[in-house]
S.K.: 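Handing you a structure now.
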Protein chains: 2
Amino acid sequence: MADKAQYEELVRQFSAFGAVKRELGRILPEGCSSASAAVLALLSRHGDIRMGKLAELTAVDMSVISRQVAHMTVQGWIDRSEDPADRRSRILRLTPEGRDQLDELSERTARLLADRLGDWTDDEVGRLIRLMARLRASFGGACEPAAPAAPSAPPDHHTDEGSP
Amino acid sequence: MADKAQYEELVRQFSAFGAVKRELGRILPEGCSSASAAVLALLSRHGDIRMGKLAELTAVDMSVISRQVAHMTVQGWIDRSEDPADRRSRILRLTPEGRDQLDELSERTARLLADRLGDWTDDEVGRLIRLMARLRASFGGACEPAAPAAPSAPPDHHTDEGSP
DNA sequence: TATTGTTATACTCTATAACTATA
DNA sequence: TATAGTTATAGAGTATAACAATA
């Protein structure tokens with residue numbers, strides 16, 4: 001268990017992390033915001049999912065996801081079709097164009113990270129990944145299914161610790 | 001050196017981290033935004049500094065800091081006085097009220113983190129702190145005084161295992 | 001002319017609340 | 001009535017550009 005000074009330092013790092021996020025945001029392709037990039041990555045990883053699930057994965061209100069997805073649908077990156085089993089719902093799926101966009105995105109971010117993190121070992125990068133994943137989980141992360149009363153059953157169980 | 005898949009996973013963690021930031025933001029005292037909290041902490045740590053220096057420390061445009069500081073000055077948390085040596089500049093300093101606010105802030109965040117991170121060892125918290133500090137440094141971090149002219153030790157991969 | 005800071009404007013991300021349509 | 005999603009509105013954070021005062 002950490003002490004108060006350590007927690008203060010941690011929060012300071014959290015604040016400063018915004019600069020990293022902003023720098024990553026600057027290399028995004030035209031028309032693709034940081035939020036769009038996150039949605040593309042999640043759709044690629046989780047396959048066909050509903051709005052509510054996407055909201056849960058991103059830990060934002062569904063209204064936020066709704067607007068985001070609407071925008072990306074107009075851009076042709078997402079196919080938003082009706083769920084035949086429940087006509088209130090929508091099934092989201094990446095279009096080929098969306099996948100192209102994601103590929104371009106991955107290319108650019110990998111290039112930037114390779115430049116900035118060139119002197120990190122892959123073990124160090126892996127440690128940061130695992131610690132951030134655990135941080136998210138500790139904060140009620142929508143990654144591990146807290147399974148409150150989920151009728152749709154405990155969804156995917158992507159092992160976040162897995163090394164590629 | 002990490003591979004592309006690992007970088008993608010890292011970026012995914014970066015995106016998901018927003019949820020942690022938002023949850024921390026929800027416990028802030030009334031009238032104290034996340035940005036204000038960061039400025040309070042920096043002023044407390046770095047003493048009397050100028051606008052430009054604060055902009056550098058936060059890695060945002062000076063126009064952003066200018067508005068933020070103006071707001072905090074109205075709230076009575078910052079004393080923004082002229083620099084007698086250069087009348088274009090302003091010297092920023094925490095007021096006693098600002099320090100009170102920072103204390104309240106630290107209290108709340110420490111409480112939340114103690115709750116969420118209760119099962120982390122202080123060594124684990126320390127590792128996360130160090131990795132995030134290094135990440136920031138790798139991204140041209142404006143945290144360490146950045147060695148203006150005489151870098152005693154370039155922002156090397158200091159595996160600073162030392163206690164704060 | 002260059003630097004320090006301010007102001008105006010626009011854009012992104014987010015949450016709340018009111019709404020529609022299904023269940 | 002309850003749930004899935006949409007829309008309207010408001011607020012915070014940020015960047016760019018035009019501006020003022022001073023160096």
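Below, chain A is the first sequence line, B the second, and so on; all start at residue 1. When reading the values below, keep in mind they use all heavy atoms of this one structure, side chains included, and skip hydrogens, waters and symmetry mates.
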S.K.: OP1, OP2 of dG13(D) versus side-chain N and O of S33(B): anything below 4.0 Å?
M.R.: yes

S.K.: When the distance from CE of M51(A) to P of dA21(C) is rounded to whole Å, what number comes out?
M.R.: 17 Å

S.K.: Within less than 4.0 Å of OP1 or OP2 of dG5(D), is there a side-chain N or O belonging to R80(A)?
M.R.: no

S.K.: Heavy atoms from C-beta onward define the side chain here; which of dA15(D), dA23(C), dC13(C) lies closest to that of R67(A)?
M.R.: dC13(C)

S.K.: Counting side-chain heavy atoms from C-beta on, which of dT4(C), dT6(C), dT3(D) comes nearest to S89(B)?
M.R.: dT4(C)

S.K.: With a 4.0 Å cutoff (strictly under), does any side-chain N or O of R87(B) reach OP1 or OP2 of dT22(D)?
M.R.: yes

S.K.: Mapping P84(B) and A35(B) to their closest nucleotides on DNA chain D, which lands nearer the 5' end?
M.R.: A35(B)

S.K.: Tell me the interatomic distance from K21(A), atom NZ, to dG13(D), atom P, rounded to whole angstroms.
M.R.: 14 Å

S.K.: Do T95(A) and I78(A) come within less than 4.5 Å of each other through their side chains, counting heavy atoms only?
M.R.: no

S.K.: Specify the separation, in whole Å, of atom CG of L92(B) and atom C1' of dT6(C).
M.R.: 14 Å

S.K.: For F17(A) and dT14(D), what is the distance between atoms CZ and C1' respectively, to the nearest whole Å?
M.R.: 16 Å

S.K.: Does any donor atom in the side chain of D123(A) or T121(A) lie under 3.5 Å from an acceptor atom in the other side chain?
M.R.: no

S.K.: D83(A) near the nucleic acid: base, sugar-phosphate alone, or nothing, with a heavy-atom cut-off under 4.0 Å?
M.R.: nothing

S.K.: Would you say R22(A) places a side-chain N or O within less than 4.0 Å of OP1 or OP2 belonging to dC13(C)?
M.R.: no

S.K.: Under a 4.5 Å cut-off applied to non-hydrogen side-chain atoms, are C32(A) and L105(A) in contact?
M.R.: yes

S.K.: NA contact type, M62(B), heavy-atom cut-off 4.0 Å: base, sugar-phosphate, or nothing?
M.R.: base

S.K.: Assuming nearest nucleotide by heavy-atom distance, tell me which of Q68(B) and A85(B) is located more 5' along DNA chain D.
M.R.: Q68(B)

S.K.: What I want to check is whether the side chains of S138(A) and W120(B) have a donor and an acceptor closer together than 3.5 Å.
M.R.: yes

S.K.: Identify which nucleotide among dT16(D), dT16(C), dA23(D) has an atom closest to any side-chain atom of R88(B), counting heavy atoms from C-beta outward.
M.R.: dA23(D)

S.K.: Taking the side chain as C-beta and beyond, is there a heavy-atom pair between D122(B) and D3(A) under 4.5 Å?
M.R.: no

S.K.: Under 4.0 Å between any heavy atoms, over every strand shown, what does R90(A) touch: base, sugar-phosphate, or nothing? Just pick one.
M.R.: sugar-phosphate

S.K.: Counting side-chain heavy atoms from C-beta on, which of dT6(D), dT22(D), dG5(C) comes nearest to R50(B)?
M.R.: dG5(C)

S.K.: Once you round it to whole Å, what is the distance between C1' of dT4(C) and CD of E56(B)?
M.R.: 14 Å

S.K.: NA contact type, V64(A), heavy-atom cut-off 4.0 Å: base, sugar-phosphate, or nothing?
M.R.: base

S.K.: Within this structure, what is the CD1-to-C1' distance between I65(B) and dA15(D), rounded to whole angstrom?
M.R.: 13 Å

S.K.: Rounded off to whole Å, could you give me the CG-to-C1' distance for the D61(A) and dA18(C) pair?
M.R.: 13 Å

S.K.: Mind listing the closest non-hydrogen atom pair of Q101(B) and L40(B) along with its distance?
M.R.: CG-CD1, 3.7 Å

S.K.: In whole angstrom, what separates I49(B)'s CD1 from dG5(C)'s C1'?
M.R.: 15 Å

S.K.: So S66(A), base contact, sugar-phosphate only, or nothing? Heavy-atom distance under 4.0 Å.
M.R.: base

S.K.: Of the nucleotides dT16(C), dG5(C), dT6(D), which one has an atom closest to the side chain of S63(A)?
M.R.: dT16(C)

